[in-house]
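Have a look at the structure below before the remarks.
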Amino acid sequence: MTTLVWFRQDLRVADNPALAAALESGDAVIPVYLFAPEEEGAWRPGGASRWWLHHSLARLHEDLAARGSRLCLRASTDSSSELLGLIRECGATRVVWNRRYEPAIIARDQHIKTALRAAGIATDSFNGALLHEPWTVRTKTGGPFQVFTPFWRHCKSLDDPAPPLPAPAAIPSPAHWPQSAALDSFALLPEVDWAAGLRAAWVPGSAAAHRALQRFLTDAFDAYREQRDQPGLLGTSRLSPHLHFGEIGPREIWEATRRFALDRGQHTTWRDSQFLAEVGWREFAHHLLYHFPQTPEQPLRANYARFPWKRNEAALKAWTAGLTGYPIVDAGLRELWHTGWMHNRVRMIVASFLVKDLLVSWNEGARWFWDTLVDADLAGNTLGWQWVAGCGADAAPFFRIFNPTSQGVKFDPEGSYVRRWVPELARLDDAWLHQPWAAPAPVLAAAGIVLGEQYPHPLVQHDVARRDALEALSAIKAT
Ligand code: FAD
């Protein structure tokens, strides 16, 4: 007997419940990946995600090959027919996979399950992506949570997630392998090579994910609460793209954190650590996406659908290019463009600037992030943008408007982040670094800066923009 293991966003061999279930049956196993971007609906992978996916698939193939197996690749516009074709080719009797939670994918998977079962094929799906399935976490009245703190408190009161499954030593092969497409035929890598910055910043794949986790635990876990908001430090785990593609699972992170803390005598504090709470935010994001599937496009708070956003192509373009004249905003957007990632604190600052200073809709920002982030994730991106825009669950209220200058001073006090990503300001004194427009002319001259030439004048005046934003807010409150 043969089982197809359909890999999706679970590109790992360890702690992979679908793979483990296939192996448990003793069947021959055919690992398959179907590249079917059209089936992702409006959210097919952007440029940076495609780059990551290429390398992640290559690493998964190597990890499977080391166990005597391989990854069968197919491009498809109809995964249901593709799987049925593969089943015919190799005589498989069962297909297993780990679940995803994006609305278009839930609908597709339901359709595929029905089609396979109608054809007499057994199917099983598993939880490989979350600590707790979204439908198992409920408020006292049985509904979904909409506030993070009680959500996470409730999650922590549930049984601990099952320990992660070990990587298999060997994977039994079928007598005949079905044909596989070449990875290059998916054309995931850019035609014009803009990915040098991504290559310099990242190593996709499970082995690198585990190295990143160990680096984080050893070097940054203890100081995480104090340092996680400082973009100039390596204070966070940088696991987000690895988690998105499933190169590492949250159960592995939970268990590694528990062990790390227990080994050092921290018997009670690890569960309440700020780091696991952030992994909890990831759970919360998936919980919300599952229960409120309209939110990638629609605000959770329906009245925000009437918010008078501006169409301002020039401002949006300056924002995407990191040329707003606000150094911390520009640094973040340039970090994103070069590395495919941006520090969480800076994501909040740049998002707030777009939505509240420029009054450009959060949907536009979410789209830009979608194309440029290596960790672009429908749950995380939707939660992040709606949180900042004040229109989501447990969101920052719209009227609390970040001041990009004081945020810069507070979270990049020595300016190392801004100096790295906005090198034209590198010689400017700390005192003026986050507000070059206010610097005396001789100070600017000594730093080699002429505003409007090397570095732009501010796109808007923050205090004026703030007033306009509050006025726009009162328009939806009044209706
Ligand atoms: P760490 O601080 O080390 O946290 C560990 C893990 O917890 C992360 O890898 C991530 O999986 C999860 N996590 C941490 N913070 C959050 C959060 N606020 N919400 C959800 N999960 C979180 N995250 C994405 O994975 N994909 C996105 O597309 C995405 N878009 C965002 C857009 C905006 C506007 C904002 C404000 C945040 C967004 N985030 C997104 C959340 C967050 O910025 C990143 O998860 C985080 O910066 C990743 O860095 P890290 O791995 O070093 O995180």
Side-chain angles (χ1 to χ4, degrees), residues 9 43 45-46 48-49 52 102 129-131 148 151-152 201-202 208-209 212-213 215-217 219-221 223-231 233-250 252-254 256-257 273-289 295-296 319 329 332-333 335-336 339-356 360-396 402 407:
Q9 274 171 12
W43 298 98
S49 296
W52 191 287
E102 299 86 344
L130 296 174
L131 297 172
F148 174 73
F151 167 83
W152 188 232
W202 299 103
L213 176 58
R215 193 278 317 160
F216 170 75
L217 289 173
D219 297 350
F221 177 75
Y224 181 74
R225 194 183 283 274
E226 297 77 47
Q227 298 194 344
R228 73 194 177 100
D229 270 323
Q230 295 190 45
L233 303 175
L234 198 52
T236 69
S237 70
R238 298 173 66 99
L239 280 167
S240 49
H242 299 290
L243 268 164
H244 170 75
F245 286 96
E247 298 169 353
I248 192 166
E252 294 179 296
I253 294 176
W254 178 274
T257 306
S273 64
Q274 186 64 43
F275 176 59
L276 286 182
E278 295 306 315
V279 176
W281 273 97
R282 178 179 175 275
E283 295 278 311
F284 187 49
H286 284 82
H287 183 80
L288 292 171
L289 181 62
T295 50
W319 181 84
V329 174
L333 289 155
E335 179 184 32
L336 174 62
T339 70
W341 186 86
M342 194 197 298
H343 188 279
N344 181 59
R345 168 57 51 181
V346 192
R347 290 188 206 207
M348 293 195 277
I349 299 169
V350 306
S352 174
F353 188 81
L354 183 73
V355 168
K356 297 179 183 174
V360 171
S361 160
W362 62 273
N363 301 80
E364 302 272 5
R367 279 279 163 204
W368 179 250
F369 271 29
W370 189 257
D371 202 32
T372 50
L373 278 172
V374 285
D375 65 18
D377 179 273
L378 200 57
N381 203 38
T382 302
L383 170 74
W385 278 96
Q386 291 216 16
W387 187 90
V388 172
C391 59
D394 200 5
F402 278 179
Q407 288 281 311

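Each ligand, and each atom within it, is numbered from 1 in the order the structure gives.
- In summary, the atoms of ligand 1 found under 4.0 Å from a heavy atom of Ala376, numbered by their order in the structure, are 28 (O).
- Under the 4.0 angstrom criterion for non-hydrogen atoms, Met348 is in contact with ligand 1.
- Protein heavy atom nearest atom 28 (O) of ligand 1, with residue, atom name and distance: Asp377 N, 3.1 Å.
- Residues Trp385 and Glu364 bring no donor and acceptor atom of their side chains to less than 3.5 Å of each other.
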Salt bridge (Lys or Arg N to Asp or Glu O under 4.0 Å) between Arg238 and Asp375, worked out: CA-CA 10 Å; Arg238 298 173 66 99; Asp375 65 18; over 6 Å; no

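- Of the protein's non-hydrogen atoms, Asn381 OD1, 3.2 Å is the one closest to atom 30 (N) of ligand 1.
- At the shortest separation from atom 23 (N) of ligand 1 among protein heavy atoms lies Arg347 NH1, 3.9 Å.
- Looking at Leu383, Leu276, Leu239, it is Leu239 that brings a heavy atom closest to atom 51 (O) of ligand 1.
- Nearest-residue assignment for atom 15 (N) of ligand 1 (options His343, Glu278, Arg282; heavy-atom criterion): Glu278.
- Using a 4.0 Å cutoff on heavy atoms, Ala285 does not count as a contact of ligand 1.
- Note on ligand 1: Arg238 sits in its first shell, one or more heavy atoms being nearer than 4.0 Å.
- Side chain to side chain, Thr339 and Trp202 fail the donor-acceptor criterion of an N or O pair below 3.5 Å.
- Within ligand 1, counting atoms from 1 as listed, the ones closer than 4.0 Å to a heavy atom of Leu243 are 9 (O), 11 (O).
- Across all non-hydrogen atoms, the minimal contact from His244 to Asp377 is ND1-OD2, 2.8 Å.
- The N/O atoms of Trp281, backbone and side chain alike, include none that comes under 3.5 Å of an N/O atom in ligand 1.
- For His286 and Trp281, the ring centers are positioned 6.0 Å apart or more.
- Residue contacts with ligand 1: Trp341 is included, with a non-hydrogen atom under 4.0 Å away.
- Against a heavy-atom cut-off of under 4.0 Å, Tyr224 is close to the following atoms of ligand 1: 1 (P), 2 (O), 4 (O).
- Taking all atoms of both residues into account, the shortest heavy-atom contact from Leu233 to Gln227 is CD1-CD, 3.8 Å.
- Of all the atoms in ligand 1, the ones that sit under 4.0 Å from a non-hydrogen atom of Phe275 are 3 (O), 5 (C).
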